[in-house]
Amino acid sequence: MANEEDDPVVQEIKPKQQKVELEMAIDTLNPNYCRSKGEQIALNVDGACADETSTYSSKLMDKQTFCSSQTTSNTSRYAAALYRQGELHLTPLHGILQLRPSFSYLDKADAKHREREAANEAGDSSQDEAEDDVKQITVRFSRPESEQARQRRVQSYEFLQKKHAEEPWVHLHYYGLRDSRSEHERQYLLCPGSSGVENTELVKSPSEYLMMLMPPSQEEEKDKPVAPSNVLSMAQLRTLPLADQIKILMKNVKVMPFANLMSLLGPSIDSVAVLRGIQKVAMLVQGNWVVKSDILYPKDSSSPHSGVPAEVLCRGRDFVMWKFTQSRWVVRKEVATVTKLCAEDVKDFLEHMAVVRINKGWEFILPYDGEFIKKHPDVVQRQHMLWTGIQAKLEKVYNLVKETMPKKPDAQSGPAGLVSGNQRIQVAKTKAQQNHALLERELQRRKEQLRVPAVPPGVRIKEEPVSEEGEEDEEQEAEEEPMDTSPSGLHSKLANGLPLGRVVGTDSFNGHPPQGCASTPVARELKAFVEATFQRQFVLTLSELKRLFNLHLASLPPGHTLFSGISDRMLQDTVLAAGCKQILVPFPPQTAASPDEQKVFALWESGDMSDQHRQVLLEIFSKNYRVRRNMIQSRLTQECGEDLSKQEVDKVLKDCCVSYGGMWYLKGTVQS
């Protein structure tokens with residue numbers, strides 16, 4: 001400034017470690033001041049006798065000390081602003097201190113109290129003694145203090161407190177807001193001689209000015225949390241990617257209709273992108289979205305109530321969510337009985353998505369959202385397939401019996417969150433009728449090619465009579481009936497594609513389909529799924545294959561060609577065309593396995609060194625339901641040679657079998 005030289009600095013005070021104490025007088029004549037309380041505090045602090053070391057010499061609490069604390073470590077982003085005559089004057093700040101009341105006088109009162117108690121105890125004990133005993137004392141001279149010890153002493157808390165207490169007070173004079181001295185100091189906040197002619201270089205845009213005034217701090221950006229923990233800041237939330245916004249909102253809200261989610265995200269967000277993101281972090285229940293269990297209970301976490309691992313908690317919460325897809329009401333005792341979890345964990349699950357009703361149970365917290373169900377049928381279908389897979393897993397883990405499954409929909413529960421079975425059948429039939437012409441052409445090609453089958457030389461095929469009525473039933477079912485992919489649904493009446501009399505292990509091609517079958521996009525997509533699945537699993541039952549196909553459909557985008565409807569016959573033909581064979585496992589007569597679970601398919605040739613070992617193993621299980629390891633070992637040694645190692649046997653057993661009760665079974669065939 002121009003007048004800066006005329007106003008020299010008289011004294012510059014730099015508080016050590018940015019700590020300042022300010023002592024201010026208290027108006028004891030104010031009617032709001034409690035005099036008796038002030039006298040009591042002074043008596044507790046200084047005692048009855050006042051001297052020079054007394055904190056309150058007037059025997060009345062007539063002053064208050066304020067101690068400063070550092071508000072922020074980086075003050076370069078802050079400035080003091082003064083608005084005058086249409087101009088904004090900014091002055092950068094180099095330090096910000098916040099003054100808070102200091103209650104050190106209470107510590108002094110406690111110390112006085114302890115001293116008085118110690119003096120009273122010493123006085124009582126001295127009355128019983130006639131005279132003090134003469135005691136011998138030992139005089140010790142302190143060793144010279146080393147430099148390292150001195151530095152530790154100087155940096156100790158006790159030394160700093162002592163030095164701080166010895167620092168003398170500086171008396172300050174207060175000037176009011178309207179005082180001339182205050183007005184003079186305030187003038188330093190104004191920039192003199194500002195005009196547009198002198199500041200021609202200030203030609204930056206408003207956003208650039210704002211960036212200069214508040215530059216992004218690297219430290220604060222690094223220390224800033226990615227997302228709020230308890231309090232959700234919408235301003236900070238909208239700076240995150242869309243997927244993180246959806247995840248944070250669902251994690252905090254737990255249950256939300258799609259319309260509410262769109263209103264929180266803003267009108268400029270694409271609903272298709274939100275639909276794609278919400279399915280990654282939430283599940284559809286009664287038309288509303290409920291956050292997934294693994295989002296609330298991540299891996300390696302545990303219950304705060306019982307210490308149960310996250311995997312068990314996720315399974316129990318999935319059971320509660322699945323129950324709400326069947327009915328609007330859930331009974332907590334039933335959930336606790338099935339999941340075997342403590343009452344606190346079950347209550348947490350229910351409080352996430354339901355409200356308790358006296359003498360009724362827990363009701364789903366939101367009403368049924370029929371508008372979303374009608375508007376997005378593809379999303380509803382994919383969610384239903386996901387729930388079908390979860391249901392199958394829950395039935396297996398919790399051994400759910402028929403009494404546990406809902407018998408009839410509750411009349412008072414309103415519409416369910418998923419499409420009913422009749423509606424699914426109608427939708428499937430409608431789609432099948434739309435593809436009627438395509439299926440008709442495929443059927444005609446199959447008939448023509450089946451009339452003159454191309455049988456490779458040396459292959460014997462066992463023929464079985466097929467009635468015309470049965471053939472018509474197959475044709476009608478291939479046109480109209482889609483594959484029932486539910487684990488507990490009706491079993492398909494379609495044949496398995498091959499006569500059951502064919503012997504596994506002969507040199508047949510095991511039923512390659514006609515040439516025109518693989519030309520359609522649906523067939524190509526289905527064959528790619530089957531080949532990829534059997535390269536990983538090697539042995540699958542039809543029930544397990546349908547479950548995996550269900551999950552594959554759920555991961556596909558809406559409108560994919562595989563949503564047109566896949567029959568059991570088409571799926572089995574594709575499996576046999578992919579180099580697999582059906583293994584006719586001789587199940588026990590009293591087996592509880594369903595027909596789909598009794599249809600076992602295995603990869604016959606994969607192109608690796610284990611093909612021969614796998615074929616020998618599959619031949620064994622075509623004649624035996626369960627086999628001991630020593631029998632498998634001897635048969636493999638007999639067929640493949642004496643140089644067969646234990647690692648090779650272990651590999652083929654791991655690929656195709658499971659061990660239970662000392663016996664080996666093909667995967668998916670063991671009945672516990």
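Sequential numbering from 1 along the given sequence is applied to the chain's residues. Computation of the quantities below employed the complete heavy-atom set of this structure, encompassing side-chain atoms and omitting hydrogens, waters and symmetry-equivalent molecules.
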Salt bridge (Lys or Arg N to Asp or Glu O under 4.0 Å) between K254 and E351, intermediate numbers included
CA-CA 10 Å; K254 309 292 191 305; E351 287 178 344; over 6 Å; no

Audit row: D318, R315, salt bridge (Lys or Arg N to Asp or Glu O under 4.0 Å) steps and yes/no:
CA-CA 5 Å; D318 287 345; R315 194 184 305 140; over 6 Å; no

Quick one: do the E531 and Q535 side chains pair a donor with an acceptor below 3.5 Å?
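Side-chain D/A pair, E531 to Q535: absent.
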
Would you please say whether a donor-acceptor pair under 3.5 Å links the side chains of D596 and T541?
no

Identify the residue among I632, N630, N624 that makes a side chain to side chain contact (heavy atoms under 4.5 Å, CB included) with R628.
N630

Anything under 3.5 Å between a donor and an acceptor, one on a side chain of residues 274-282, the other on a protein residue two or more places apart or in another chain? List them.
unit_1, atom_1, unit_2, atom_2, d
Q279, NE2, L275, O, 3.2

Whether Y625 and Y665 hold their rings parallel, tilted or perpendicular, with breakpoints at 30° and 60°
perpendicular

Using the six-membered ring wherever Trp is involved, compare the ring planes of F258 and F372 and label them parallel, tilted or perpendicular (cut-offs 30° and 60°).
tilted

Between N288 and F364, is any pair of side-chain heavy atoms under 4.5 Å apart?
yes

Please tell me if the side chains of F324 and V290 come closer than 4.5 Å, counting only heavy atoms from C-beta onward.
no

Salt bridge present between R547 and E544 (N-O < 4.0 angstrom):
yes

Could you check whether E334 pairs with K323 (Lys NZ or Arg NE/NH1/NH2 to Asp/Glu carboxylate O, under 4.0 Å)?
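Result for this pair is yes, salt bridge flagged.
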
Just by modelled atom types, is the I295 backbone N or O under 3.5 Å from a matching donor or acceptor in the K247 side chain?
no

By salt bridge (Lys or Arg N to Asp or Glu O under 4.0 Å), which residues pair with K340, not counting sequence neighbours?
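K340: no salt bridge (Lys or Arg N to Asp or Glu O under 4.0 Å) contacts found.
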
